[in-house]
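These notes are about the structure you will find just below.
Order of the sequence lines fixes the chain letters, A, B, ..., with proteins taken first and strands second; residue numbering starts at 1 for each chain. For the numbers below, each heavy atom of this structure counts, side chains included, while hydrogens, waters and symmetry mates do not.
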Amino acid sequence: MDERYAFRDIEARWQARWEAERTFRAEDLSELPKHYGLEFFPYPSGAGLSVGHCRNYVPTDAYFRFKSMCGFNVLHPMGWDAFGQPAENEAIKRGRNPREMVPEYAASYRQTLRRIGASYDWSREIDSSRPDYYQWTQWFFLLLYHRGLAYRASTPINWCPACKTGLANEEVEQGRCWRCETTVEKRPMPQWYFRITDYAERLLADLETIDWPDGIKQMQREWIGRSEGADVDFAVAGRSETIRVFTTRPDTLWGATFMVLAPEHPLVELITVPERRAEVDAYVRRASTETDIDRMSAERAKTGIDTGARAVNPVTGEPIPIWVADYVLMGYGTGGIMAVPAHDQRDFEFARRYGIRIDLVYAHPEGPRSGEEMARALPDGGSMLDFTPAPGARTPKAPFAGLPNDRATVRKVIAWLEEHGVGTGRVYYRLRDWLISRQRYWGAPIPIVHCGACGEVPVPERDLPVLLPDVDQYEPSGTGESPLAAIPAFVSTACPACGGAARRETDTMGGFACSSWYFLRFADPHNASAFADRRLVDYWLPVDTYVGGAEHAVMHLLYARFWTKVMHDAGLLAFSEPFSRLRNQGTVLAYTLGRRPRLGERADGEDGGEGIVDWIVLRPDERESCPPDQVVFRWVKMSKSKGNVVTPDEIAERYGADSLRLYLLFVAPFEDNVQWSDEGVHGAHRFASRAWRWCVSAMRAQTRSAPADAARGVRARRKLHQTIEKVTAGLEGFRFNTAAAALMELVNELYLYRPADAEPGADASDPAIVSEALDALVLLIAPFMPHMADELWSRLGREGSTYRAAWPRHDPAVAAEERVTVVVQVNGKLRDRVEVAAGASEEDTRAAALASPRIAELLAGRTVRKVVVVPGRLVNVVAN
RNA sequence: GCCCAGGUGGUGAAACUGGUAAACACGCUAGAUUCAGGUUCUAGUGCCCGCAAGGGCUUGGAGGUUCGAGUCCUCUCCUGGGCACCA
């Protein structure tokens, strides 16, 4: 009877040993090639880590252990994204100080990560809310400031009346606060911005240089939103003003039969004719009170009003009406558009509704020849018509008649417009500057002083950090000002320039500031005189493998890329992209019972899931009384408020951390969502025990010799080398599930060769083969089940952890199959299989297939038209 | 509406470049073994017809290309995610 797999003892023992021996310490400036592996640093929440979080941390841990075994000097650090609103909101809810909460929660996270065998170098732990960290966040703010990339502007900001704070554009979803779903209002407020728009082109272009999922790159491209076209100036008839518009289709200028200005456009006031003024004013006023949701609803019929003013189409010379309509936005382009109803569906609908002329620019020979005949706009196709300009035109007759409706024509038209001084080729971006300031307590204070005499003065570097004061009251003030504004000792200071009385800036930086550079700090986390030593940054960075959830696909990643480029430009970094390779893990979903909400009912979650929702978690005491037709079943992300959290600790207690790890690696491809199942863990546990039994029994076998079953030995050895190859490729490609499947196949094969219950001397296995398999298997399972692997490794008499052991190599000669099965098809239908030597030629393969009695029988009396041979794979006989 | 990712057994899934569809697991069925056991082992398990040999069908649906399609092309339906009057 073999020893049982005592995972609780083994795991506790090895965790203690790894810690005591500092097994996962990364070595600065080592001779070895480095691999910097990083997961998005978490915000430590009171809810603790669930197995859902492990879906991120376990596969990456397996990968980084694998890299270490492959001879890389691995940096695998962990830290806490502790500043920001999640932490502050939780502190407010619990009536506690975030300063005390963060270390407690971090300790709990650290404990759980240790429990699942994660290989972090804890000597590099960082906490973004500590002065020794945010001092450098402030330092970077000053760097941006001095480079002209941080500025203060008073703009109407999004104001959430419930959170009593300003929101970035990115934090507003469909006109509502992304956190509490309250309708967002507009409020003028001086705010700090980072000029990320200066980097739009580079942020777009450099996406080509990095290994990221295509979907994420695409989302970034759309966020940046580059569009190419031309600025065109329209003269206002009878006035000196001109209206500048941006268009992606300057080639359709000949069909621009009206213009539309956004209601907020400054020219509306100036150009509206007296007799239309009252109506236009009323329309503008109505538009300003409408919520964004109403205004952005695409279903709503377009409304607008004629200003009575006329513009002159520069190429046709025709006067065209100028309208005001709320579907044109002041925040994009120039706030005004030229409308071409013949070739833009939106303009077409508007023109039809208000009886505006529709002129074709492109037409098909057999298509409609006039606006009246059209049922809808023709955005593409056709060839350009011939136009004769009216006397008011600023250009001569255009030479484009007959050209196709494509980008080449657009480019020709732009060149021609430039030549005649009517338009200029231009690129617009949807990307807007990054609103960085928050009127919140829990963030890094912005290191600026406002002086009556000197104005805005940056805090000198030697005076950093600007410490966040300890306070009792850190709730948002509700006046729109930061709680810091209520602390005289913080606010009043001396001007660094003139020494006179001055006021500190009281806004803090949003959490994205801290997370835009933290990956640099891990290179040198305790440095007190710089954000990091240049040599260490040059050695460790950029991050080789960065892994996290797709929910950060745009903002965090874009901001981190931006900061990196700024630092690169400042000569601080040799590289300009922070994350060479990015991967996104899937989410763990857990089954949850809920009910339909009552009218107007809101959910009030502990950690997310607040607001208006279409279902509400059923409390245990409601389960009986809830009418069946009101019950809903949902697979949702684990969270405390959903009551569906499974903790790693409970699973590790029952099945062991190694079984949990194997389960998470095996269930599904890394990037897929998975539905949590206890049974799945049980299956993983079975494999773990099975592997353990085989190894333990194989160790006893080594000491004796017996007549060997040579053929089986060759098979077992071949399988071993094939498995090394598969697992190596699988880990490198983040295909953990198939790598684990390969391990299972290997263990199944080894059981056939030497059953785990074989008595010493009774089986026919070759000790040399068993020993080779044992060594390799222990190393192969190490990234998956490191505790078990280290225990077995030490029992094999090896020193230290498998973490520092060399990853096994496969011998292609041993892995190669001697004979292969070739499939024989007749007219594409599988009819027989024949065995041939592995390297058999096309002729031999064909001959073997045709020699099959079954095939001969099937072909009797038929004519063979063709025989397709794929050596090593199949033969397909095409017959009548 | 637009963009992205997906639809494969009872379940999670596998199939790198077109070449044996369903590897590996979970579950289920039968047998053996042991026990205090949620143990272990062996065999079976896509669907339909058939006692069997064997045959037919099958990767959301419909067409197409090919000797051959889960994989390529066209259309279409469904699911998940993102963006949304962007000029």
Side-chain angles (χ1 to χ4, degrees), chain A residues 1-2 4 173-174 213-219 221-223 225-227 229 232 245-250 252 259-260 262 295-300 302 325-329 331-340 344-347 349-350 428-430 550-551 553-554 587 654-655 662-663 666-669 671-675 677-687 689-690 693 729 733 735 737-748 751 755-757 821-833 854 865-870 872-879:
Chain A
M1 203 35 221
D2 277 315
R4 289 199 51 175
E173 287 166 354
Q174 308 202 327
D214 289 338
I216 303 286
K217 287 192 188 183
Q218 193 51 34
M219 282 164 78
R221 281 186 203 109
E222 272 169 28
W223 194 266
R226 182 183 202 274
S227 57
V232 180
V245 299
F246 172 67
T247 172
T248 54
R249 296 297 307 272
T252 61
M259 301 187 74
V260 186
R295 224 175 128 174
M296 289 195 297
S297 162
E299 280 85 61
R300 199 178 61 152
K302 290 166 189 31
D326 61 6
Y327 77 88
V328 174
L329 308 174
Y332 183 76
T334 63
I337 61 164
M338 67 175 213
V340 184
D344 181 282
Q345 184 59 26
R346 210 177 22 178
D347 296 344
E349 285 165 21
F350 194 87
Y428 270 88
Y429 299 92
R430 182 161 37 214
E551 66 274 15
V554 179
T587 312
R654 237 164 106 196
Y655 297 105
L662 185 73
Y663 165 73
F666 179 64
V667 249
E671 61 281 1
D672 284 11
N673 291 344
V674 302
Q675 300 175 345
S677 114
D678 279 358
E679 279 153 4
V681 188
H682 184 240
H685 180 70
R686 257 172 48 178
F687 172 73
S689 313
R690 201 168 138 83
R693 278 197 306 276
R735 293 186 301 272
N737 56 331
T738 50
L743 282 176
M744 291 173 183
E745 282 187 59
L746 172 62
V747 171
N748 289 345
Y751 260 78
D757 56 3
T821 303
V822 167
V823 171
V824 188
Q825 297 178 332
V826 176
N827 289 340
K829 291 220 177 278
L830 175 65
R831 288 292 122 114
D832 200 9
R833 296 176 167 88
R854 255 183 68 70
R865 291 228 183 83
K866 187 175 170 187
V867 181
V868 180
V869 181
V870 183
R873 278 235 129 95
L874 65 49
V875 175
N876 187 13
V877 184
V878 186

Just verifying a value: how many Å separate A/Tyr428 OH and A/Tyr332 OH, rounded to the nearest 0.5 Å? 8.5 Å
Could you grab the distance from atom CG of A/Leu830 to atom CG of A/Asn876, nearest 0.5 Å is fine? 10.5 Å
Syn/anti state for B/G68 [syn: chi within 90° of 0]: anti
May I have the distance from [X] (atom [atom1]) to [N] (atom [atom2]), rounded to whole angstrom?
X: A/Gln218; N: B/G82; atom1: CD; atom2: P; answer: 16 Å
X: A/Leu662; N: B/C24; atom1: CG; atom2: P; answer: 16 Å
X: A/Trp223; N: B/C83; atom1: CH2; atom2: P; answer: 6 Å
X: A/Ile216; N: B/G81; atom1: CD1; atom2: C1'; answer: 11 Å
X: A/Phe687; N: B/A25; atom1: CZ; atom2: C1'; answer: 11 Å
X: A/Arg346; N: B/A84; atom1: CZ; atom2: P; answer: 15 Å
X: A/Leu746; N: B/A23; atom1: CG; atom2: P; answer: 18 Å
X: A/Arg221; N: B/C86; atom1: CZ; atom2: C1'; answer: 18 Å

Donor-acceptor contact below 3.5 Å, side chain [X] vs main chain [Y]:
X: A/Arg831; Y: A/Arg854; value: no
X: A/Asn737; Y: A/Val667; value: no
X: A/Tyr663; Y: A/Ser677; value: yes

Would you measure the distance from the [atom1] atom in [N] across to the matching atom in [M] and give it in whole Å?
N: B/U79; M: B/C73; atom1: C1'; result: 24 Å
N: B/U20; M: B/G27; atom1: P; result: 30 Å
N: B/C57; M: B/A22; atom1: C1'; result: 15 Å
N: B/U58; M: B/U71; atom1: P; result: 13 Å
N: B/G61; M: B/G9; atom1: P; result: 10 Å
N: B/A25; M: B/U42; atom1: P; result: 11 Å
N: B/G81; M: B/U29; atom1: P; result: 36 Å
N: B/C47; M: B/G37; atom1: P; result: 34 Å

Sorted by position of nearest nucleotide on RNA chain B, 5' first, the leading residue of A/Arg654 and A/Thr821 is A/Thr821
A/Arg249 or A/Tyr751, whichever maps to the more 5' nucleotide of RNA chain B: A/Tyr751
Per A/Glu679 side chain, nearest of listed nucleotides B/A23, B/G82, B/G27: B/G27
Nearest to the side chain of A/Met219, which nucleotide is it out of B/G82, B/U20, B/C41? B/G82
At under 4.0 Å between heavy atoms, how does the protein contact nucleotides 12-19 of chain B? Give one character per nucleotide, 5' to 3', with B, S or -. BSS----B
Is there a Watson-Crick or G-U wobble partner for [N] with both distances under 3.5 Å, and which nucleotide is it?
N: B/U29; value: B/A43
N: B/C2; value: B/G82
N: B/C51; value: none
N: B/U66; value: none
N: B/G12; value: B/C24

All N/O pairs under 3.5 Å across the protein-nucleotides 54-59 of chain B interface:
{"from": "B/G55", "atom 1": "OP1", "to": "A/Arg854", "atom 2": "NH2", "distance (Å)": "3.3"}
{"from": "B/G56", "atom 1": "OP1", "to": "A/Arg831", "atom 2": "NH2", "distance (Å)": "3.4"}
{"from": "B/G56", "atom 1": "OP2", "to": "A/Arg831", "atom 2": "NH2", "distance (Å)": "3.2"}
{"from": "B/C57", "atom 1": "OP2", "to": "A/Lys829", "atom 2": "NZ", "distance (Å)": "3.4"}

Should [X] and [Y] count as side-chain neighbours, where that means a heavy-atom distance under 4.5 Å?
X: A/Met338; Y: A/Asp347; value: no
X: A/Val868; Y: A/Val875; value: no
X: A/Arg249; Y: A/Val340; value: no

Is the count of non-hydrogen atoms from other residues, nucleotides or ligands lying under 6.0 Å from A/Arg221 atom CZ greater than 12? yes
Heavy atoms under 4.0 Å, any strand shown: does [X] hit a base, just sugar-phosphate, or nothing?
X: A/Asn748; answer: sugar-phosphate
X: A/Arg865; answer: nothing
X: A/Tyr663; answer: nothing
X: A/Gly683; answer: sugar-phosphate

Taking the six-membered ring for Trp, are A/Tyr327 and A/Phe350 ring centroids under 6.0 Å apart? yes
Closest approach of A/Glu222 and A/Arg430, non-hydrogen atoms and distance? O-NH2, 2.6 Å
Has A/Arg693 got a side-chain N or O lying under 4.0 Å from the OP1 or OP2 atom of B/C41? yes
Run the numbers on A/Leu662 and A/Met744 for side chain to side chain contact (heavy atoms under 4.5 Å, CB included), then give the verdict. CA-CA 11 Å; A/Leu662 185 73; A/Met744 291 173 183; 4.3 Å; yes
